[in-house]
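To start, the structure itself, in structure tokens.
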Amino acid sequence: MYFNSKGDEEVTYDAIVVGSGISGGWAAKELAEKGLKTIVLERGRKVEHIVDYTTASMEKWDFKGNTERPTQEQLKDYEVQARSGYTVNQGHSHWFVKDTEHPFVEVKPFNWMRGYHLGGRSITWGRQSYRLSEMDFEANAKDGTAVDWPIRYADMKPWYDYVETHIGVSGQNEGLAQLPDGKYLPPMEMNCVEQKFKKGVAGNFGGRMVTMGRTAHLTGQLSHNKTSKRGQCQFRNRCMRGCPYGAYFSSLSSTLPVAEQTGNLTIVCNSIVAGVIYDPETNKAKGVRVIDALTKETREVYAKIIFLNASAIATASILLNSKSERFPNGLGNDSGELGHNIMDHHLGVGARGEFEGFQDKYYKGRRPNGVYVPRFRNIDNASMRKDYIRGFGYQGGASREGWYKVVKEMKLGKELMESLQTPGYWTMGIMGFGECLPDHRNKMFLDEDNLDPFGMPMIHIDAEWQENELIMRNDMATSAAEMLEAAGAKNVSTYETINNNDKKNRAMGIGIHEMGTARMGRDPKTSVLNKYNQIHACQNVYITDGAAMTSAGCQNPSLTYMALTARAADHAVSELKKMNL
Amino acid sequence: MMMNRRDVLKTAGLVLGYTLTAGTAAAVLGGCSADATPGWSPSFLTADQAKVINGMAEVIIPGTDKMPGAKDVNIAKFIDETYMYYKTPEQQQSLNDDFKAFAEEHDFGAMKDGEKMAFIKSELEKGSKFVKTVYEQSVTGFCTSEKGSKEVLVFDPIPGSQKGCIPLEEVGGIWAI
Ligand SMILES: Cc1cc2nc3c(=O)[nH]c(=O)nc-3n(C[C@H](O)[C@H](O)[C@H](O)COP(=O)(O)OP(=O)(O)OC[C@H]3O[C@@H](n4cnc5c(N)ncnc54)[C@H](O)[C@@H]3O)c2cc1C
Ligand code: SF4
């Protein structure tokens with residue numbers, strides 16, 4: 001079809017997709033479905049859906065000492081990855097890189113949490129899926145921060161509809177301007193205390209909303225039958241180990257199988273893309289340089305279009321490492337913004353409390369989801385704050401104390417046996433997810449004199465929470481406590497884990513939503529990508545992972561990466577057809 | 001000894017677990033069971049320490065005529081593994097020190113059955129670090145064991161559906177997981 005020249009046939013495709021995670025899987029699906037011969041180059045090992053979810057059905061007692069928590073021996077390999085406190089354990093540490101094998105330099109503490117394997121972090125993600133709103137796309141322009149998004153909600157709406165319909169998102173439409181409705185499967189259920197909280201918050205804060213978390217799980221039938229790999233959620237809440245029912249969205253359950261069925265897809269694992277090859281004659285990219293992760297040999301792969309979906313930091317590092325006469329500071333870096341404006345979401349701040357009553361009530365099913373309090377600050381005149389801009393949402397939930405209560409009660413003997421028959425009191429906690437502003441000072445860069453074990457210049461990350469984030473956090477703690485108290489909670493306490501420089505494990509990156517390193521914008525002088533996610537000055541390279549984000553919103557971002565990807569793929573294929581690329 | 005421990009540590013990352021030897025149903029119902037883990041010997045603890053721990057655990061979690069107790073799950077094995085694989089050298093040292101201090105003052109094995117409960121209670125109230133550790137670890141080990149999870153708590157590995165708010169009696173106990 002689109003071969004460049006005879007000799008290069010076996011390494012020449014219509015499209016290259018770099019990375020097979022949440023956004024790469026989407027690029028592969030869309031491009032292959034639209035008829036392009038597509039190769040996915042994935043840095044990590046091959047993973048087979050279900051077969052390789054080796055820990056999926058293990059119970060606590062199947063692990064030494066009845067716990068899946070990481071052994072001391074394991075922790076030695078996962079210094080950064082383990083900082084979250086929940087990502088590294090025997091149930092799923094194999095989905096995270098060993099920091100000892102994949103080092104980077106923390107100029108300031110930065111929690112770069114990632115997994116190199118087919119499917120990327122689509123296997124381990126928390127599946128919370130929220131749309132950005134018009135408010136979010138307008139925000140930079142309105143408050144004069146960084147640069148304006150080149151798109152608005154209307155550009156994205158059909159693509160949010162499209163990706164939600166394919167992946168299946170469970171949730172409740174609420175008609176909020178700050179959190180647009182979507183195409184949802186039935187919502188999961190709130191428990192009794194969460195319902196009480198919802199009423200209390202609405203009643204005491206002028207209708208402030210508490211809704212069910214929107215999450216990429218099948219709680220009903222998908223409206224399409226494109227992949228046979230999806231089943232209904234069984235409420236085991238062991239998703240991070242990989243789901244044997246294919247009940248949540250991952251590249252392996254949802255996008256890659258559809259791409260494969262087209263017959264247009266080639267996946268090559270253990271392929272580290274080191275750089276993009278720029279062709280000065282055509283002013284386009286002609287392919288990528290690949291390092292074999294096992295043999296360290298290098299080779300080249302060519303295509304008409306290239307989608308970079310290696311995740312924000314890795315994608316920016318590939319571009320920074322793609323130097324040419326035309327682009328001496330890295331491909332697409334005319335603006336000097338490449339690698340800058342790293343954002344994340346700041347969390348680890350909120351409140352918890354105890355609820356009396358409901359002693360005769362309980363719940364069933366380990367709901368892999370919580371409740372969500374959509375943003376309520378700086379959304380209209382009445383909610384404007386003087387001390388900070390933008391806002392935050394909360395995720396949380398209520399539960400009854402389990403067996404551990406007997407330890408607190410210091411029960412012994414017969415009394416202990418009796419106490420083990422009834423769950424304890426109800427507690428509820430909510431944690432804020434706050435917006436982080438794009439800030440040129442927050443950056444990453446490469447050090448060419450210092451190579452990583454694969455011969456790539458070492459990635460350096462130099463970023464930290466800035467003033468607006470830190471100020472917002474006071475309100476995030478106070479508002480959480482106020483809401484719990486108003487809803488009737490007792491013994492309410494707040495927690496704050498960031499405003500303390502010693503705490504490496506709460507440094508930027510801890511939201512695992514790193515983004516913004518190759519932002520979209522209207523002006524090539526101040527941004528890397530145009531409104532279709534093309535590099536301004538090298539238009540057959542598309543970047544649709546978190547690197548593209550111009551601002552962060554406070555919503556979990558991956559759904560937006562998916563929608564941006566599907567939209568960009570549609571654009572790329574129509575441009576190809578028009579012979580514009 | 002040191003070499004041995006290191007070798008075991010090397011294999012700790014393997015996800016293959018072990019299976020507890022289940023006592024026969026008759027033994028459980030009869031309130032007595034054979035050794036829960038025949039042939040087991042501790043790696044971190046000494047045999048004597050394991051015996052003291054199991055002795056205390058059996059008082060803390062006696063079981064009932066219908067439910068298993070500590071004697072059915074080998075709490076010492078749980079604590080042995082916990083300290084072997086998950087605790088830092090400092091934490092390991094501290095348990096050994098606490099154990100030593102405790103053993104210098106008390107001979108738990110020599111106490112009469114009738115005295116043991118009152119002893120543990122008073123030690124907990126006094127804030128004895130060693131007894132508190134054994135207490136917490138025993139409850140944790142028991143409630144996370146297969147028998148504790150399935151026969152004392154309510155275990156439902158594949159719920160299949162989710163209900164937010166139901167009468168407690170529909171569950172009839174504490175969810176194990
Ligand atoms: C524990 C956890 C919870 C999360 N919860 C949520 C949530 O609830 N909601 C939400 O929206 N987001 C969540 N996230 C974030 C989400 O996982 C990421 O935003 C998302 O996966 C990013 O998609 P991506 O395609 O950019 O990258 P990834 O999914 O990370 O995939 C990148 C892929 O590229 C490969 N790669 C990297 N470098 C190269 C290279 N040089 N050459 C070739 N391949 C390369 C990697 O191996 C990987 O497979 C969570 C993440 C984690 C870890
Ligand atoms: S809770 Fe649902 S999605 Fe998660 S592992 Fe269980 S069945 Fe799969």
Side-chain angles (χ1 to χ4, degrees), chain A residues 54-55 57-67 69-74 77 90-91 93-94 188-195 219 232-237 358-367 400-407 410-414 416-418 420-424, chain B residues 9-10 12-13 15-20 59-64 67 69 78-89 117 120-121 124-125 135-136 139-141 143-146 148-149 152-153 156-177:
Chain A
T54 49
T55 56
S57 296
M58 289 174 75
E59 298 298 339
K60 281 181 202 153
W61 52 85
D62 294 325
F63 299 96
K64 295 281 183 210
N66 299 354
T67 178
R69 74 172 185 266
T71 63
Q72 288 295 317
E73 197 61 14
Q74 257 185 319
D77 277 326
Q90 297 172 80
S93 57
H94 48 284
M188 295 178 191
E189 294 183 12
M190 288 190 192
N191 63 38
C192 341
V193 164
E194 290 161 353
Q195 288 169 20
T219 52
Q232 297 293 305
C233 183
Q234 303 297 310
F235 302 98
R236 307 157 69 243
N237 198 17
F358 304 107
Q359 285 307 300
D360 56 346
K361 293 285 193 291
Y362 212 9
Y363 38 75
K364 173 185 189 286
R366 290 183 294 285
R367 188 184 64 195
R400 279 190 86 163
E401 265 215 312
W403 57 262
Y404 198 73
K405 68 170 191 154
V406 305
V407 171
M410 280 222 226
K411 292 256 159 69
L412 288 174
K414 230 171 108 184
L416 177 140
M417 296 309 296
E418 269 164 33
L420 283 177
Q421 295 310 300
T422 333
Chain B
L9 281 173
K10 265 193 204 150
V15 287
L16 293 172
Y18 59 92
T19 323
L20 286 176
V59 175
I60 296 166
I61 313 162
T64 68
M67 285 184 273
F78 165 80
I79 297 184
D80 190 54
E81 290 176 353
T82 301
Y83 276 80
M84 175 95 170
Y85 296 104
Y86 305 107
K87 300 287 185 184
T88 62
M117 173 78 99
I120 294 175
K121 221 176 206 153
L124 281 176
E125 276 156 16
Y135 172 70
E136 285 175 6
V139 176
T140 305
C143 291
T144 53
S145 71
E146 182 165 12
S149 296
V152 176
L153 304 172
D156 187 4
I158 309 174
S161 64
Q162 184 246 338
K163 294 268 167 284
C165 191
I166 58 172
L168 174 59
E169 61 277 8
E170 279 182 30
V171 180
I174 301 179
W175 289 120
I177 48 172

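The sequence lines fix the lettering, A, B, ..., with proteins before strands; numbering per chain opens at 1. It should be emphasised that the depicted structure is a prediction, and the values quoted were computed from it without experimental measurement.
In plain terms, the two heavy atoms of A:K60 and B:A176 that are nearest each other are NZ-O, 3.3 Å. Scanning all heavy atoms of the two residues, the minimum distance from A:K361 to B:C165 falls at CD-SG, 3.8 Å. Counting all heavy atoms, side chain and backbone alike, B:Q162 lies closest to A:M188 at OE1-CB, 3.3 Å. Here the shortest heavy-atom pairing between A:M417 and B:V152 reads CE-CG2, 4.4 Å. The two residues A:G413 and B:P62 come nearest to each other via the heavy atoms CA-CD, 3.4 Å.
Under the rule for a side-chain hydrogen bond (donor to acceptor under 3.5 Å, both in side chains), the partners of A:E401 that lie at least two apart in sequence or sit in another chain are A:K408.
Note that OH of A:Y363 and CH2 of B:W175 are 9.5 Å apart. Values are rounded to the nearest 0.5 Å. If you take CH2 on A:W403 and OG1 on B:T140, they are separated by 4.0 Å, rounding to the nearest 0.5 Å. A:K364 contributes atom NZ, which lies 3.0 Å from atom OG of B:S161 (distance to the nearest 0.5 angstrom). Remark: A:Y404 OH to B:T144 OG1 distance equals 12.0 Å, nearest 0.5 Å. Taking CE from B:M67 and CG from A:L420, the interatomic distance works out to 8.0 Å, rounded to the nearest 0.5 Å. We find the CZ-NZ distance between A:R367 and B:K163 to be 13.0 Å, quoted to the nearest 0.5 Å.
Taking A:G424, A:P423, A:C233 one by one and counting their heavy-atom pairs under 4.5 Å with chain B, the maximum is reached by A:P423.
B:I79 does not touch chain A: none of its heavy atoms, backbone or side chain, sits under 4.5 Å away. Contacts between B:V59 and chain A at a heavy-atom distance below 4.5 Å involve the backbone alone (N, CA, C, O). Heavy-atom distances place both the backbone and the side chain of B:P157 under 4.5 Å from chain A. In this structure, chain A has heavy atoms under 4.5 Å from both the backbone and the side chain of B:I60.
No donor-acceptor distance shorter than 3.5 angstrom exists from the side chain of A:E73 to the backbone of B:Y85, with no hydrogens or angles considered. Proximity of a side-chain donor or acceptor of B:Y135 to a complementary backbone N or O of A:K411 within less than 3.5 Å is detected. In terms of modelled atom types and a separation under 3.5 Å, the side chain of A:Q421 and the main chain of B:G173 share no donor-acceptor contact.
A heavy-atom distance below 4.5 Å is not found between the side chains of B:I177 and A:N237.
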